[in-house]
Amino acid sequence: MEVTCLLLLALIPFHCRGQGVYAPAQAQIVHAGQACVVKEDNISERVYTIRESDTLVLQCLVTGHPRPQVRWTKTAGSASDKFQETSVFNETLRIERIARTQGGRYYCKAENGVGVPAIKSIRVDVQYLDEPVLTVHQTVSDVRGNFYQEKTVFLRCTVSSNPPARFIWKRGSDTLSHSQDNGVDIYEPLYTQGETKVLKLKNLRPQDYASYTCQVSVRNVCGIPDKSITFQLTNTTAPPTLKLSVNETLVVNPGENVTVQCLLTGGDPLPQLHWSHGPGPLPLGALAQGGTLSIPSVQARDSGYYNCTATNNVGNPAKKTVNLLVRSLKNATFQITPDMIKESENIQLGQDLKLSCHVDAVPQEKVNYQWFKNGKPARTSKRLLVTRNDPELPAVTSSLELIDLHFSDYGTYLCVASFPGSPVPDLSVEVNISSETVPPTISVPKGRAVVTVREGSPAELQCEVRGKPRPPVLWSRVDKEAALLPSGLALEETPDGKLRVERVSREMSGTYRCQTARYNGFNVRAREAQVQLTVHFPPEVEPSSQDVRQALGRPVLLRCSLLRGSPQRIASAVWRFKGQLLPPPPVLPAAAAEGPDHAELRLDALTRDSSGNYECSVSNDVGSATCLFQVSAKAYSPEFYFDTPNPTRSHKLSKNYSYVLQWTQREPDAVDPVLNYRLSIRQLNQHNAMVKAIPVRRVEKGQLLEYTLTDLRVPHSYEIHLTPYTTFGAGDMASRVIHYTEPINSPSLSDNTCHFEDEKICGYTQDLTDNFDWTRQNALTQNPKRSPNTGPPTDISGTPEGEGYYMFIETSRPRELGDRARLVSPLYNASAKFYCVSFFYHMYGKHIGSLNLLVRSRNKGTLDTHAWSLSGNKGNVWQQAHVPINPSGPFQIIFEGVRGSGYLGDIAIDDVTLKKGECPRRQMDPNKVVVMPGSGAPRLSSLQLWGSMTIFLLALQR
């Protein structure tokens with residue numbers, strides 16, 4: 001380890017000094033899932049096209065140290081800056097059954113606290129094609145006779161789609177165009193955006209009575225099929241017409257059964273009828289069957305407009321509306337209005353007085369009012385006037401006006417509202433006029449101007465009203481920022497002047513206004529008063545929990561601060577250590593005088609004994625809150641480095657691999673120096689773990705530490721635990737899982753052989769245009785019923801365990817002669833003139849077809865060229881081929897397996913390498929031969945190998 005650090009200091013000082021390997025986040029967006037239109041380079045692609053209801057998969061590939069955190073957000077489009085969906089904290093964003101409304105621009109934000117966050121975006125374009133809608137219209141001026149005996153007819157086809165749809169009009173099976181038929185005209189209305197096409201039939205001819213089809217297409221984008229709709233145009237085609245079985249306004253009594261019939265009087269094709277109700281849905285129990293609407297036992301809440309609509313896609317829909325009114329009387333109120341001309345607020349003899357009565361009725365204009373005085377009908381005279389619809393009062397209000405009030409006018413007045421001849425009960429209100437009838441006053445009872453309660457408790461705000469009669473009290477909030485009452489209303493009526501709240505919250509604190517209503521009492525200026533509600537609630541403190549690290553022997557200061565509370569002060573603070581009460585710390589005089597807003601505890605020197613959990617309980621006499629502190633000299637956890645280039649090194653023949661594990665130490669100077677690390681490694685799904693100690697010298701912030709894990713078994717994954725140790729003891733552990741992965745085959749890598757041990761198969765993909773796919777397999781996953789005498793028993797390593805993987809083509813049924821399977825490499829940017837493709841192949845079986853190597857050039861368009869080909873049975877051995885290629889630009893290599901004449905024709909490949917430069921000039925004959933176990937072929941001894949090597953070196957010297 002010391003040598004490693006010295007090398008790092010000497011060769012890459014940036015990694016070991018200052019910020020070291022700490023680096024800001026970098027991000028790239030790649031897409032997977034079911035994209036249907038993708039550019040060749042899916043890394044730089046900014047538009048992701050997907051079919052509606054498919055699965056969207058976006059991945060944000062990040063680099064940087066510490067490991068960046070990823071957040072996905074979305075905007076409605078490129079012009080909007082407001083996120084419209086909940087953020088997703090994950091490197092992979094997955095949306096099942098994506099909807100069109102989920103299209104837009106998606107942002108990947110990666111940040112790790114170093115530098116500025118990295119933000120990348122991609123636009124998701126959701127493709128769809130709805131069913132088209134075809135409607136038929138005529139010119140507005142043609143209104144005589146039958147609908148389609150006029151000269152001009154318009155067939156309008158509308159569809160919602162993305163991308164814009166292409167329209168094709170057909171008469172029968174013949175495609176229409178104005179260039180071939182002068183009697184038709186096809187155009188797009190100006191006010192639409194490619195979603196509507198109109199077929200105009202000019203000077204209607206007999207042959208125009210036919211079947212018309214509107215076919216819409218998005219040109220098979222994303223595999224979306226075309227859709228169509230057909231309409232039969234005849235000389236009887238007509239728009240719908242309707243009539244109702246009742247009047248447009250229907251007044252009924254509550255409890256009656258209501259039946260309304262909507263009758264079709266015309267329309268071809270036969271129109272469809274639909275009933276709707278506004279506002280809201282049809283009443284519970286209502287039955288709409290065809291054109292008949294039935295409502296049993298109708299109630300006042302069922303009043304409203306009922307609409308009958310007939311549609312047949314010809315002309316405009318026909319609509320008839322019934323206004324159903326269910327008789328009802330409610331909310332009877334009265335007002336006493338003193339002489340308004342003299343601006344009086346009291347009842348005085350010799351002045352005028354008006355009594356008003358109002359009832360909320362349905363129908364309002366049909367309500368009838370009667371006035372009684374002392375039980376007898378009030379008779380109109382010069383001094384007693386009864387009016388209706390007073391302009392100064394609500395509509396349909398009855399008023400009784402007394403001119404020049406006399407003592408004899410005192411008495412009890414009764415206003416009765418009714419629907420004559422209706423079973424709806426009458427509604428009445430009584431008003432007493434005497435010398436004791438006085439306007440109201442309002443006040444707050446003594447000691448009730450400020451109400452103080454604890455949060456969660458009930459509260460009662462009270463205002464007292466005096467006067468005769470006593471009107472209701474209306475409550476509202478005075479605070480502008482809290483305009484609504486606890487009930488959610490802006491204004492609430494209480495008959496007894498008391499506003500009751502069952503469970504108060506801190507948001508309800510503030511000033512409340514009580515005022516007299518101007519109904520059921522005097523119609524004069526409202527009297528008002530105010531009540532203050534104070535809600536006490538327990539304190540809130542910070543930090544609620546804090547991890548405090550410090551080196552042994554250093555002082556520690558713990559502070560618990562009051563954020564909010566009512567009262568906003570600390571009445572008491574109690575400290576505990578490991579649950580045991582501590583002596584109260586000294587309080588500064590200034591803080592004691594003003595009421596402290598925090599509590600502190602100081603440790604002069606941290607020791608092992610003083611390490612542990614500290615607890616500060618703060619109270620404000622209403623409740624308490626607690627700050628928790630975990631104080632220790634433990635080292636922070638290591639920070640694994642995830643950007644190690646090609647950490648995996650595989651050893652194919654031994655079936656082992658090694659892994660370069662790198663990390664930094666988080667805040668190493670916060671505690672005592674790290675002395676060593678304890679490394680625990682366990683194969684997944686296994687119980688036993690191997691533990692190693694890794695000694696280190698002085699660890700600096702940002703210093704990249706490294707340890708190579710060896711003898712790992714291909715292709716298993718391992719769980720790693722790494723724990724730092726200081727003089728205090730074990731620190732925080734960090735864990736991660738490492739997977740065996742082969743690098744994406746790239747000629748820029750030094751060890752770039754693809755062994756196909758990883759499920760990602762080094763970035764190779766199956767060609768979508770071939771007949772079948774290559775299969776990844778090893779000896780353990782082979783079909784036990786596979787065809788004998790063809791295909792390899794193991795991979796190139798030939799290990800007895802049979803865990804090594806290879807790629808092969810299965811030529812059994814349903815495969816046929818000439819079927820092709822293509823395996824396509826990642827895209828490489830050509831940086832050299834010559835490359836060499838090396839690989840092992842296995843072609844054993846009497847029906848072997850062909851194995852071809854192609855080079856796909858991406859320089860100008862796409863061009864596939866053959867670079868190597870081999871056919872026929874080559875025996876039950878692995879053999880190696882070296883193929884030189886010289887691409888002129890970006891390229892891919894393709895392995896193409898071609899099925900032969902029968903099922904004994906399995907072909908396999910393994911250990912594919914792509915390197916810069918020319919291929920070896922001399923090859924083993926016919927190529928390198930690897931003998932399969934049990935084949936009986938000879939093996940070269942070590943002496944023979946050294947002899948061959950000696951001859952080869954002598955030849956080079958010559």
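Atom set for the values below is all heavy atoms of this structure, side chains included, hydrogens, waters and symmetry mates excluded.
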Subject >> Partner set under ring pair (Phe, Tyr, Trp, His ring centres under 6.0 Å) for Phe808, not counting sequence neighbours >> reply: none
**OP:** Start with the C-alpha gap between Tyr106 and Tyr48, add the side-chain angles, then the distance that decides, and say whether ring pair (Phe, Tyr, Trp, His ring centres under 6.0 Å) holds.
**Re:** CA-CA 10 Å; Tyr106 285 79; Tyr48 180 106; 9.2 Å; no
Original post:
Does the side chain of Thr230 come under 3.5 Å of the side chain of Thr213 through a donor N or O and an acceptor N or O?
Top reply: yes
Original post:
Can Glu188 and Lys197 be said to form a salt bridge (charged side-chain N to carboxylate O under 4.0 Å, His left out), step by step?
Top reply: CA-CA 5 Å; Glu188 178 181 321; Lys197 274 289 193 298; 3.4 Å; yes
**OP:** Not counting sequence neighbours, which residues clear salt bridge (Lys or Arg N to Asp or Glu O under 4.0 Å) with Arg856? List them please.
**Re:** Asp767, Asp864
Original post:
Side-chain donor-acceptor pair under 3.5 Å between Glu96 and Thr55, yes or no?
Top reply: yes
**OP:** Taking atom types as modelled, find out whether Asn162 and Asp125 have a side-chain donor-acceptor pair closer than 3.5 angstrom.
**Re:** yes
**OP:** Could you verify whether a donor N or O on one side chain and an acceptor N or O on the other, from Ser637 and Asp732, lie under 3.5 Å apart?
**Re:** no
Would you be so kind as to tabulate the donor-acceptor pairs closer than 3.5 Å made by side chains of residues 273-287, with sequence neighbours excluded?
| from | atom 1 | to | atom 2 | distance (Å) |
| --- | --- | --- | --- | --- |
| Trp275 | NE1 | Gly291 | O | 3.3 |
| His277 | ND1 | Pro279 | O | 3.4 |
| His277 | ND1 | Pro281 | O | 2.9 |

Subject >> Ring centre gap for Tyr212 and Phe231 strictly below 6.0 Å >> reply: no
Original post:
Taking only residues two or more places apart in sequence or in another chain, which ones pass salt bridge (Lys or Arg N to Asp or Glu O under 4.0 Å) with Glu542?
Top reply: none
Original post:
Residues two or more places apart in sequence or in another chain: which of them pass salt bridge (Lys or Arg N to Asp or Glu O under 4.0 Å) with Glu52?
Top reply: Arg100
Original post:
Should we say atom CD of Gln766 is surrounded by more than 12 heavy atoms from elsewhere, each under 6.0 Å from it?
Top reply: yes
Original post:
Is there a donor-acceptor contact under 3.5 Å linking the side chains of Gln662 and Thr644?
Top reply: yes
Subject >> Glu639 and Tyr22 side chains, donor-acceptor separation under 3.5 Å >> reply: yes
**OP:** May I ask you to check whether Gln777 and Thr775 show a side-chain donor-acceptor distance below 3.5 Å?
**Re:** no
Subject >> Presence of salt bridge, Arg67 and Glu91, under 4.0 angstrom >> reply: yes
Original post:
Taking only residues two or more places apart in sequence or in another chain, which ones pass salt bridge (Lys or Arg N to Asp or Glu O under 4.0 Å) with Asp819?
Top reply: Arg815
Original post:
What about Phe839 and Phe895, are their ring centers closer than 6.0 Å?
Top reply: yes
